Every structure is written in C-alpha cells, then in structure tokens.
Amino acid sequence: MPALTEKTIYKISRFKNEPRWMLELRLKAFEHFKKRPMPTWGPPLDIDFNEIIWFKPVTRQPLRTWDQVPKELKEYFEKIGIPQAEREFLAGVKLQYDSSVIYGSLKEQLESQGVIFLDTDTGLKEHEDLFKQYFGKLVPYTDNKFAALNTAVWSGGSFIYVPPGVKVSLPLHAFFRISKYGTGQFERTLIIADEGSEVEYIEGCTAPLEKNYSLHAAVVEIFVKKGAKVKYSTLQNWSHNVYNLVTKRAQVEENAKMIWVDVNAGSKVTMKYPSCILKGKNATGAIYSLAIADTNQFQDTGTKMIHLAPKTKSIVITKAISKNEGINNYRGLIHISKDAQHSVSNVTCDALMFGEKCKAGTIPVNRVYNTTSKIYHEASISKVDSKRLFFLQSRGFTPFKAKNIIVSGFITDIIANLPLEFAKEFNVFLETQLKNAPD
Amino acid sequence: MQQSQLNIKNLKVLINTDHQNLDRSLLTDISFTLPTNSVLYLLGPNGAGKSALLNSIMGSSFYTVEGDILLRIDKNFVSKDAYNDKEFIKLLENAKDVINISKLLTHQRAWLGLYLSFQEPVNVAGVKTIDFLYNMYQLRHGETSQERFEKILKPYLKTLQLSLDSLYKELNMDYSGGEKKRLEVLTMLLYKPYLLMLDELDSGLDIDSERLIFGLIKEYLEEYNLSAIVVSHNFRIVNLLKPDKAVVLKNKTVAKTGGADLVEYIINNGYERI
C-alpha cells in the first residue's frame, strides 16, 4: 500500500464529490500532519503509516462469510443477544447494516421533530452551512498529529443536529445504520445540540471485533448550546493490534451539561481524553470512564476539563483495571481560569490491579487561577488482594464470582451511568474480561 | 463412643512466603477431634497459631497444610450452588459420611457448611451489604425473590437491632465496630452454617451485645445439634457458650487437650505451666 499523498486526498474528496473548501481543509491538514512530529509523551507509538489503507470505497468485498466467523464471536453475540443483522455487520459479513425495519419509524419520528441524523458524508452534502460553521472549530487540525490525519482523510461518522427544546435519544442500532463505511478508521462525528435540547448518543459494541486495520484515529466534536444536555456513551473493545487514538471534545455553554461515558477495552494502545470546554456560566462537564488493560496493552486515558466561566462544575470519575501485564495511565488536566470564579471540580481516579506484573499510574495536572474555586482530587490504587478473595470464597462464592463481585463494586459508579441498552451486554463483557484475570 | 464432627490428623501448617530465610512452619503434629454437638475452645497464648489453624481449616491460600482434615458431612447443609460443580458433586456422592477436605478449595469447604467468622471483618468497596447478603443467600439456599429475602431478613434484623437501611451501606465500610460484629452474626445466621469457627468474635463487644450475640449462637447450635470451635481471650463468654472440650496450642503444637476443667485451669493459672 502506497504512502499517503496529496493524490490520495484528491481522490477521496473527488469520490465523495465534496465542496472545494473541504478539499482545501483536507490538504492543509495533510501538510500539518506531515510536519507535525509524533507525540513525545505517552505510550510508545510504533505506527507504520505506509501500511495504512487510507480509503475504502463501499464496494469492497465482504471480509468473510457467516460460516467463517469464529465460533467464540458467534457465541458472544448470542450471549449479549443482539439482532442477527447487527451480528453480520459487526463480524464483517455484511458491509452495510440493513435496519430499515427498526430504523424506519425512528427516522420518521426524528424528522418530524426537525432532528438531523445522517452519516457525516451525507451531512456535509445536505447541510454545508452548518459544516462551515462548526466543522473543525472545536478540534482544529492543528490540535494534534492524529486530528490532522483525521481531518485529511476522514470518512464516515455521525452528524447530528437537534433543534432547540427537542429531546431525543438515539439508540444503539442507529449507530450501525449511520455508519455507511462501517466503524471506520477515520470517523468524524459532529453533534450540535441547540438551546435547551437533549440528546443521548451511543456508539460501539463490546464484542471483540477483528478489523483489517491497525489505526483508529477518530475525531468527535460536540457543541452543547445554552441549557442543552448531551450524553455520549462509548463502549469499545478493539482487537489487540489496534492503535486507538481519538480526539473527543465538547464545548459547553451556559447552564448546559455534557456527559461522557467511555469504556475502553482491547486495542494495543489507546490514547483518549474526552474533554469539556466549560464556556458558559453554570456549565457542567462530566466523565465516567473505565479502561481495561491486559498483557501487551497500554491504555492512556483521562480527560481535560477547561473551566472558562463562573460557577462551572466538572466531575471526573475514572476507573482503570489492569490485569496480567497490562498498563493503565490516567492523564488528566483540570484548568480553572481566572474568570471561572466559584467553580468546582471533583476528580476521582481509581485503579484496580490483578496480579503482580501489571501497572497503573496517574498523571494529574490541576491548575486554579482564582481563589474562589476548588479542585478535589482523590486517587487510589488497590490490588485484588487474596484477603478479600478468601473472605468472599469462604462465604461460598467461587473464585470467579468473587473476582466479579470485587470488580463490580469497583466500577459501580460507571455501571450506574451506563445506558440501559448496554446493561445486559456489559455483564457478559465483564465476565469475559475477567476470565483470564489472575487470582 | 461419640462420633467426631471434625477429625484433624497429624496436621502441619506452613506459611506461604517468598522470604527465603524464614522458618515457614507454624504448626506441626496437630491432632484432635471435635465431637458432634459440642463446643471446642481452641486456646493458647498470643501467636500460638490459633487463627492460622482456623484459616487453614477454611482453606486459606496463605498457608500450605499437610495431613488430614476429616469432616463428617450432612447433605442437608450443602450449598445449592455446589450442584453446578459436577466434579465436586461426584466427590460428594462417592464419599460416605466423612470427607477429607484438606485439598478442597475454600469455596468448596464453604459449600459443605464450614463457616469462619473473621477476626477483622473484610470490607469490599462499592458492594452494598444487602447485595452481598442476597447473593450469598441465593448461592447457599437457591433462587429467592428479593421480596421473600427481605421477609427472611426482618426477624434477624430486629433481634440484632440492625435497620434495613443500614444494609445499603458498602460492605463493612462506615459501620461501627459493634455493628460490624452484628452484621457478621446476621451473615452467619443467613448462611446457616454446618460447622462454626469463631475467631475472636467477641473482641470489642460491649457486655449486652456479647450476651445477645452468643445467646443467638448458642440457640442456633442447639436447634440443629451443631458444633463450634471458639477462639477467644475473653473468658466471660465461657459462661454464655459452655465448653465441652478444650485444646491448647503452644510451641507450635497441641500442648494439652481436656474438657471444661482445662478451660477453668487456664482462667486461673494462664498458659505458663502448660
């Protein structure tokens, strides 16, 4: 596969029949990507950019037939009870998820409320004005090397606009419907929640998915207008060769609220710090995240909460589980500016370790530039100790059940914030994750 | 001749540690029997290995044991969840009345009804006491509706002066010392053990709680004709739970075995001349 060149970018843009300004933005981003050095901090990134497939038109061949899908994956789908159509899509048997039956009525309902819900490519075609106003404004291509890469070659993702005062919950199957290019490598998601609106969005699947690519560099931009509320939940379990380098950011205006729920398992390296820029008075930003790292996995996750207005509030609850030789890092920035008087930030980052060889660390940066604001920071690292396991086993819990109960207790704050749709799936997911955890 | 509930034969207890130069042996040549329907006081000076012995009987991975721990079993006291472990059930079916538990895993010993009350109650963050109890109850006694479980709880809560609300706190966190002990007894009564091992259950209890708790335990043992091993440094409880037998550990082994009179002797003379 040839290296990425301007020619590829022209090709992508032409194929999609994009407006000129988007092509120009892509090219500028590409220039920046080439110049920008690899990050000098965080986990080692050994990425061969020559091996990346930059763009796959939808006409490519399916990865495999249903018969070729591994038995374990089929059993997993069975356990979590997702519809066959989704299974085939997820396992790479079908390229497009056909959910016309489920999606039909939802679509009508959304349209009658004035909600726009499209894949990002179609969104650009049909709502260019909104794209000109918002696209790349929160995560500019100059933000980081992988945001530049995403801007240069993005494809797929979701575009959502919710009109003022409208409340809408977009269920999981909507995610599959919208992903015209599959759960793509360079997804680009843009959400605009207009004043007083509410939207809940879910992405991902707990099934250990094999993808034929090794780099996932997505960008998510969310605009939460005055008094609006957005909850964005992600549950991802990438195969263990994937570099998952994602930039997620929300801008939160007066009296508005942004909630990130982020569960990361799988991948080789994850670098992800869903952030909130609390721009208006009384704005709230929250993140509930869980990262699970096994041998040969490095999860570098956290958040940035930037308080720019008075009486803004942020809540950070991160839980990290390291097992065998897995590594977890919490990397977080809490910034309370001079203008953000009377602001409060509550940070809890806890790590749980299975076995002697895993690692967990926290790299918090807390800055307060006024005297009326407060940051509460709590961090803990605990081991799944033999004392607790012995106690639970002496009450009749098998070693596996004992581990499960300890972990469920550890992540109780995360479970409480998971979308209901994930609940059943999450239990199966957790059990699978704990199967190879040492005693 | 009286039947034995538990028969410990030539038991050696070693502590599992990475330290090379440490003498790992804690107890050697431990042999004694616990007759059915009786209370045995396991006595000895501090550091004699009483807790280590109880923990080894429960199967703690902190220790390695050599020798036999023979338990007379009663199938009425086997956990419902045990029936999901086919190999274990096969073992149970092949055994007559007595089974050597020294190689069984902790949870399998618990399935047989062995119950150790811990000297230090263990906390589990994020897990509500009520959820722990409900899970435990169902593993032991089979599926039970939440409603029915609360009905079962009620009289126990009343007797133990615990509120249902207090069970919504995290397991063994934010409870007072006395509450933790009463929770332990609640857990025990819900579990319905077959053989009780009480490791200083009385420590830190006021005199009224002591009477209440040991009264309940006595009642329970008498109702089902069960046996208990008691470790305590507080001889007031001797009057609440009368000893039938006493075993004194000293110098890493059984120094003396006797009846109620041996307990009486130690109350008066200490361990020095044993």
Side-chain angles (χ1 to χ4, degrees), chain A residues 288-290 292 317-321 348-357 360 378-418 423 426-427 430-431 434 437-439, chain B residues 16 18 54-63 78-82 84-85 88 104-129 131-141 170-173 184 187-188 190-193 197 199:
Chain A
Y288 303 93
S289 81
L290 166 64
I292 304 176
I317 297 183
T318 68
K319 304 277 172 171
I321 299 174
T348 310
C349 40
D350 297 327
L352 187 68
M353 331 248 289
F354 279 101
E356 303 294 326
K357 287 181 181 162
E378 265 181 61
S380 78
I381 293 183
S382 50
K383 265 174 136 179
V384 178
D385 58 330
S386 21
K387 209 173 86 186
R388 274 189 188 82
L389 287 171
F390 175 56
F391 164 71
L392 291 165
Q393 286 164 40
S394 76
R395 299 296 178 254
F397 292 85
T398 60
F400 184 71
K401 283 184 177 124
K403 276 189 263 180
N404 205 315
I405 203 168
I406 289 173
V407 169
S408 302
F410 176 70
I411 59 173
T412 183
D413 293 330
I414 307 299
I415 294 174
N417 284 288
L418 276 179
F426 189 78
N427 287 336
L430 201 61
E431 281 188 12
L434 291 178
D439 292 331
Chain B
N16 295 331
D18 295 333
L54 294 189
N55 279 280
S56 310
I57 296 172
M58 198 68 231
S60 165
S61 60
F62 285 99
Y63 309 103
V78 174
S79 288
K80 286 284 183 295
D81 192 42
N84 295 321
D85 183 338
F88 178 76
L104 291 183
L105 299 168
T106 297
H107 68 277
Q108 295 173 322
R109 301 184 199 202
W111 283 346
L112 292 171
L114 242 64
Y115 189 98
L116 171 63
S117 84
F118 287 73
Q119 212 178 83
E120 296 285 331
V122 178
N123 61 38
V124 186
V127 177
K128 288 190 193 112
T129 304
D131 292 340
F132 161 74
L133 291 174
Y134 184 46
N135 273 318
M136 180 196 80
Y137 187 87
Q138 293 195 95
L139 291 174
R140 179 106 179 111
H141 305 293
E170 291 167 75
L171 185 57
N172 282 326
M173 293 176 83
E184 179 62 45
T187 312
M188 184 189 298
L190 287 171
Y191 195 84
K192 207 176 158 196
M197 295 187 279
D199 194 358

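Convention: sequence-line order gives letters A, B, ...; per-chain numbering from 1. The figures that follow rest on heavy atoms only: side chains count, while hydrogens, waters and symmetry mates do not. Note that the coordinates shown come from a computational prediction; the quantities given were computed from them, not determined experimentally.
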**Message:** I'd like to know whether S394(A) forms a side-chain contact (heavy atoms from CB on, under 4.5 Å) with Y115(B), so could you lay out the CA-CA distance, the side-chain angles of the two residues, the decisive distance to 0.1 Å, and finally the verdict.
**Reply:** CA-CA 7 Å; S394(A) 76; Y115(B) 189 98; over 6 Å; no

**Message:** H107(B) vs F397(A), test: side-chain contact (heavy atoms from CB on, under 4.5 Å). Steps then yes/no.
**Reply:** CA-CA 6 Å; H107(B) 68 277; F397(A) 292 85; over 6 Å; no

**Request:** Starting from the C-alpha separation in whole Å, work towards a yes-or-no answer on side-chain contact (heavy atoms from CB on, under 4.5 Å) for T398(A) and D81(B).
**Result:** CA-CA 9 Å; T398(A) 60; D81(B) 192 42; 4.2 Å; yes

**Worked check of side-chain contact (heavy atoms from CB on, under 4.5 Å) between N55(B) and F390(A)** = CA-CA 10 Å; N55(B) 279 280; F390(A) 175 56; 3.0 Å; yes

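Pairing each heavy atom of I405(A) with each of V127(B), the nearest pair is O-CG2, 3.4 Å. G396(A) and W111(B) get closest at one heavy-atom pair: O-NE1, 3.3 Å. Of all the heavy atoms in V122(B) and R388(A), the pair that sits closest is CG1-CG, 3.5 Å.
For the options N123(B), D85(B), D131(B), heavy-atom pairs under 4.5 Å to chain A are most numerous at N123(B).
Contacts between F132(B) and chain A at a heavy-atom distance below 4.5 Å involve backbone atoms as well as side-chain atoms. For chain A, no part of L105(B) is nearby; none of its heavy atoms comes within less than 4.5 Å. Both the backbone and the side chain of S60(B) come within contact range of chain A, judged by heavy atoms closer than 4.5 Å. Within the 4.5 angstrom heavy-atom criterion, only side-chain atoms of L392(A), from C-beta onward, approach chain B. Interface remark: N84(B) contributes no atoms to any contact with chain A (heavy atom separation under 4.5 Å). With a 4.5 Å cut-off on non-hydrogen atoms, F410(A) touches chain B through its backbone but not through its side chain.
With no hydrogens or angles considered, no side-chain donor-acceptor pair links R395(A) and N135(B) at under 3.5 Å.
Residues F391(A) and L171(B) have side chains in contact (heavy-atom distance under 4.5 Å, counting atoms from C-beta outward).
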